[in-house]
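See structure below.
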Protein chains: 2
Amino acid sequence: MAQKETVERILDAAEVLFAERGFAETSLRTITSAAGVNLAAVNYHFGSKKSLIQAVFVRFLDPLVDEIERQLNQLQAEKERLTVEDLLQVLTSSVYEIHGRGSNRATSFMRLLGLAYTQSQAHLRKFIGERYGNAFQHYASHLKPALPGATAADLFWHTHFALGTAIFTMSNFDALRAMSENDTGERTPVDFIVSRLTAFMAAGLHNAAHE
Amino acid sequence: MAQKETVERILDAAEVLFAERGFAETSLRTITSAAGVNLAAVNYHFGSKKSLIQAVFVRFLDPLVDEIERQLNQLQAEKERLTVEDLLQVLTSSVYEIHGRGSNRATSFMRLLGLAYTQSQAHLRKFIGERYGNAFQHYASHLKPALPGATAADLFWHTHFALGTAIFTMSNFDALRAMSENDTGERTPVDFIVSRLTAFMAAGLHNAAHE
DNA sequence: GTAAGTTTCAAACGGGCGTTTAGCAGGAAA
DNA sequence: TTTCCTGCTAAACGCCCGTTTGAAACTTAC
């Protein structure tokens, strides 16, 4: 009992702090003191800082990937060919399904996903690739029929352009929203941003097919 | 003479190493030993590691921003209203103008720009904002007439979506190209990627105007 | 109640970091 | 020749890091 509590307190604190400052910039001492546990607890329960980072992602990605898979299968049972808009919708509604609409946890997670790409944590990218590579391939395989006429190179690059748009927006979410608040004078609702973002990605992706 | 040589050797080494590994992950000892100068030289010539990071950006951004401004003015003399495609073209041709097409230096710089956004270097973002904020505003001011019908919020978000697409692609340039080589079996030319990227961004941006 | 097994804890270890210091080399000015 | 200044350098300083250790505290089982 006491163990589980400690493990989860560490994961909770690490998730928030990593998202705020990045991995290298967050020390184990910061995490453990925020979690109210002893410094040595991380190495006792997780083995190392690297393993802790991976554990944070597993706790988040495992249920999300399952949900995406579930929605994908359900949608495929209804219609044979999925559109780009369908595929993007699966992503956003999966995140919404697992955590509330625009919850703090969801934005934390978005930041973390962005950091996984941009920070120099080779072990993490390798780990994520091995654990979730198949799920990603499965999702991406639906894009090919959704964008007839696109070559393999087109598909690859446009997928990653879209991915980049999303990840950049995610990982700078708070900063961007603050800037736009200064700019336009009002706070943009999350739903507005998400719908704009998916529309932007869809437009770019469609561009891959008819050229 | 000896001074100038030392300063530039440090900048050269720092530029490459920062781009490869990030700022926090590159120690002054690594930089100075790669540059063949004494460890203390960085603090003697630049004052601190932070100032060195800023100096790397100044050496790169100052001439680039001048070139963008020049091309923008020249284009504006030819036609009164610039299109989205014009504006994107100015960016790519400015980079090409200052450094060769697809030179190592240009890809280093792209990585650095990405890192400036994604790594936690508050001092750097502040510095860049203060030094180049006006130039950015000037450039962005041309977007409004190029996208009639878009609201201020539309403009803000779609500009940053496009920025995100470019920065993500830039900062993961080598990794993405290696992945696509494994994927499709052949090495994608830089020109292909750049033209695809700008087409993706243009499609997304136009989407802001007619909705 | 005692033994075995887990979990927690204070303390320390070794190492890498950015920065500082005090002094050296060598050309310019007097 | 002496003085001054700039560029350079070896060495050290203090700090924070992830990790390890050995013992204390607690839980479980007999």
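Lettering follows sequence order; numbering is per chain, from 1.
Atom-to-atom distance recorded for A/W157:CH2 and B/T188:OG1 is 5.5 Å, nearest 0.5 angstrom. Distance CG/B/L147 to NE2/B/H142: 13.5 Å, rounded to 0.5 Å.
Checking A/Q74 against A/R70 by side-chain atom types alone, a donor-acceptor pair falls below 3.5 Å. A donor-acceptor pair shorter than 3.5 Å cannot be found between the side chains of A/Q89 and A/E85. Judged purely by distance below 3.5 Å, without hydrogens or angles, the side chains of A/S93 and A/Q71 pair a donor atom with an acceptor atom.
No cation-pi contact links A/R196 to B/F156, judged by a cut-off of 6.0 Å to the six-membered ring centre and 45° from its axis. In this structure, A/R131 forms no cation-pi arrangement with A/F57, as its terminal cationic atom is not both closer than 6.0 Å to the ring centre and no more than 45° off the ring axis.
For B/N38, whose side chain is taken as the heavy atoms from C-beta onward, the closest listed nucleotide among D/dA10, C/dA10, D/dC8 is D/dA10.
Across residues 14-27 of chain A, A/T26, A/S27 each have a non-hydrogen atom less than 4.0 Å from an atom of DNA chain D (numbered order).
Spacing between atom NE2 of A/H123 and atom P of D/dG18 amounts to 12 Å, rounded to whole angstrom units. Atom CD1 in B/I53 sits about 14 Å away from atom P in C/dC17, given to the nearest Å. In this structure, B/I10 places its CD1 atom 13 Å from C1' of D/dT9, rounding to the nearest Å. Taking atom CD on B/E8 and atom C1' on D/dC8, their separation rounds to 18 Å, with Å as the unit.
A 6.0 Å sphere centred on CG of B/N73 holds more than 12 heavy atoms belonging to other residues, nucleotides or ligands.
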Which letter, B, S or -, goes with each nucleotide of nucleotides 19-27 of chain D from 5' to 3', with contact meaning a protein heavy atom under 4.0 Å? BBB------
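Between B/H45 and D/dC8, a side-chain N or O to OP1/OP2 separation shorter than 4.0 Å is present.
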